[in-house]
Amino acid sequence: MDKYYFNLMQFFEGYVRNYRRMNLSHLHNVSMFTKREIDFFAQLGEMLGFDAFIEDSKFDKSKGRSRPMDLSWWKWDARFDDEHFLYLALHLERESIPKKDVETIEKLFSQTKEGYIPHNVIGIQYIKSAERVDYLNELIL
């Protein structure tokens, strides 16, 4: 199956421009930020014609077990296969604890079973410095 890549920068721009609509303030806890951000991307995926699942799972070969995905978008089309999803379009991870940044990247790019390799990944996480961003980018590459 051909891979379908999104322009993730368009998603990012929409996310930033619509952030105020999430109606979050300093009165909300971290869990509420996480919930609203994941819900934003779940709704976006559904509007784009995907099946969105929160806390879905995929097998991680290095861990030898399934691990949860904060959000996944799956493409289903009965014209091609009426029993199985065609592909995993997106895997999103949202992490608010800075020291879990490497673990988040490992989850996004883990070796997994063939049908669970996402076409696109998004990581939303708190990172404390530009130097750390550089380090994480090198890790991804």
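Bear in mind the structure is a predicted one, so any value in this text is a computation, not a measurement.
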What distance separates [X] [atom1] from [Y] [atom2], expressed to the nearest 0.5 Å?
{"X": "Ile122", "Y": "Glu37", "atom1": "CD1", "atom2": "CD", "answer": "11.5 Å"}
{"X": "Met69", "Y": "Lys58", "atom1": "CE", "atom2": "NZ", "answer": "6.0 Å"}
{"X": "Leu90", "Y": "Tyr5", "atom1": "CG", "atom2": "OH", "answer": "13.0 Å"}
{"X": "Ile117", "Y": "Gln111", "atom1": "CD1", "atom2": "CD", "answer": "9.0 Å"}
{"X": "Ile54", "Y": "Phe41", "atom1": "CD1", "atom2": "CZ", "answer": "12.5 Å"}
{"X": "Glu83", "Y": "Trp76", "atom1": "CD", "atom2": "CH2", "answer": "10.5 Å"}

Applying side chain to side chain donor-acceptor pair (under 3.5 Å), name anything that partners [X], two or more places apart in sequence or on another chain.
{"X": "Arg132", "answer": "Asp101"}
{"X": "Arg79", "answer": "Asp77"}
{"X": "Lys100", "answer": "none"}
{"X": "Asp81", "answer": "His84"}

Geometric class of the Phe12/Tyr15 ring pair [parallel <30°, tilted 30-60°, perpendicular >60°]: tilted
In one Ile/Leu/Val/Met/Phe/Trp/Tyr side-chain cluster, 4.5 Å: Leu71, Val16: yes
Tyr4 reachable from Met9 in the ILVMFWY side-chain graph, under 4.5 Å edges: yes
Hey, are the side chains of [X] and [Y] touching, using non-hydrogen atoms and a 4.5 Å cut-off?
{"X": "His119", "Y": "Leu88", "value": "no"}
{"X": "Met22", "Y": "Phe40", "value": "yes"}
{"X": "His28", "Y": "Arg36", "value": "yes"}
{"X": "Lys63", "Y": "Ser110", "value": "no"}

Qualifying residues under side chain to side chain contact (heavy atoms under 4.5 Å, CB included), relative to Val30, sequence neighbours excluded: Thr34, Ser96
Residue list, side chain to side chain contact (heavy atoms under 4.5 Å, CB included) with Ser66, at least two apart or on another chain: Ser57, Phe59
Quick one: salt bridge (charged side-chain N to carboxylate O under 4.0 Å, His left out) partners of [X], sequence neighbours excluded?
{"X": "Lys107", "value": "Glu93"}
{"X": "Arg67", "value": "Asp60, Glu103"}
{"X": "Arg21", "value": "none"}

Side-chain donor/acceptor of Asp70 to backbone N/O of Arg94, under 3.5 Å: yes
Closest heavy-atom pair and its distance - Lys61, Lys113: CE-N, 4.2 Å
Over all atoms of both residues, closest heavy-atom pair of Leu24 and Tyr19: CD1-OH, 3.8 Å
With sequence neighbours excluded, residues passing ring-ring contact (aromatic ring centres under 6.0 Å, His included) with Phe6: Phe11, Phe50, Trp73
Side chain to side chain contact (heavy atoms under 4.5 Å, CB included) evaluation trace for Leu8 with Gln10: CA-CA 5 Å; Leu8 295 178; Gln10 264 188 307; over 6 Å; no
Any pair counted as side chain to side chain donor-acceptor pair (under 3.5 Å), so long as it reaches residues 40-56, sequence neighbours left out: Asp56-Ser72, Asp56-Trp74
Steps toward side chain to side chain contact (heavy atoms under 4.5 Å, CB included) verdict (Leu48, Leu44): CA-CA 6 Å; Leu48 293 172; Leu44 176 61; 4.1 Å; yes
ILVMFWY clustering at 4.5 Å (side-chain atoms), partners of Val133: Val102, Ile105, Leu108, Phe109, Val121, Ile127, Tyr135, Leu136, Leu139, Ile140
